[in-house]
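Notes follow once the structure below has been shown.
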Amino acid sequence: MIRRALFATAIIALSCTASADFTTVARAYEIPLSTFNVPVTHNGVISFKECDDCNTVSARMTNNTQLVVNGKFVTLKDFRAEAFQVRERSTTFLTILHHLESDTISSISLTR
């Protein structure tokens, strides 16, 4: 009986540490390519909408922003070329990772 009580107390004590405060560091968006303005340079502001009726979200893109096409890291020139080749822009989605504290874009991923 004492062992069960000690075991239950230990489980409760361990679960208390798991209820710590969490801080949101980044936000991920999955958006249609049709609502995204393809960046021209690495040091600019990109804008996009989560949906056609949603407000525009803007954030800075930096030289550290990773550009990914089909799981491979690419240059900005290659990313632009791939994005402009997409015909079904409303059914092709991008994943954008927005770092909230620095208000910069960490990565943009296009899967075709």
_Pair listing, salt bridge (Lys or Arg N to Asp or Glu O under 4.0 Å) test, anchored in residues 31-40, at least two apart_ =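 Pairs touching residues 31-40 that pass the test: none.
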
*Pairs flagged by salt bridge (Lys or Arg N to Asp or Glu O under 4.0 Å) wherever residues 25-48 is involved - sequence neighbours left out*: R27-E50

Connected via hydrophobic side-chain network under 4.5 Å: [X] and [Y]:
X	Y	value
M61	V74	yes
L76	I96	yes
L33	L97	no
I31	V68	no
L94	V69	yes

*Is L100 isolated, or which residues cluster with it under the ILVMFWY side-chain rule of less than 4.5 Å, directly or via members?*
none

*Quick one: hydrophobic cluster around V40, which other residues, with the 4.5 Å side-chain cut-off, linked directly or via members?*
none

Gap separating the [atom1] atom of [X] from the [atom2] atom of [Y], nearest 0.5 angstrom:
X	Y	atom1	atom2	value
T35	D53	OG1	CG	11.5 Å
N37	T56	CG	OG1	8.0 Å
T62	H99	OG1	NE2	11.0 Å
F79	H42	CZ	NE2	10.0 Å

*Check whether any side-chain heavy atom of I46 sits under 4.5 Å from a side-chain heavy atom of F36, and report yes or no.*
yes

*Classify the ring geometry between F48 and Y29 as parallel (under 30°), tilted (30 to 60°) or perpendicular (over 60°).*
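Rings of F48 and Y29: perpendicular, over 60°.
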
*Is N55 atom CG crowded by more than 12 heavy atoms from other residues, nucleotides or ligands, each under 6.0 Å away?*
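Atom CG in N55 is not crowded, with 12 or fewer foreign heavy atoms closer than 6.0 Å.
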
Determine all donor-acceptor pairs shorter than 3.5 Å in which one atom belongs to a side chain in residues 84-91; sequence neighbours excluded.
from : atom 1 : to  : atom 2 : distance (Å)
R89  : NH1    : A83 : O      : 3.1
T91  : OG1    : E88 : O      : 3.3

Pairs under 3.5 angstrom only: tabulate donor-acceptor contacts from the side chains of residues 103-112 to other protein residues two or more places apart or in another chain.
from : atom 1 : to   : atom 2 : distance (Å)
D103 : OD1    : H98  : NE2    : 2.7
T104 : OG1    : S102 : OG     : 2.7
R112 : NH1    : E82  : OE1    : 2.8

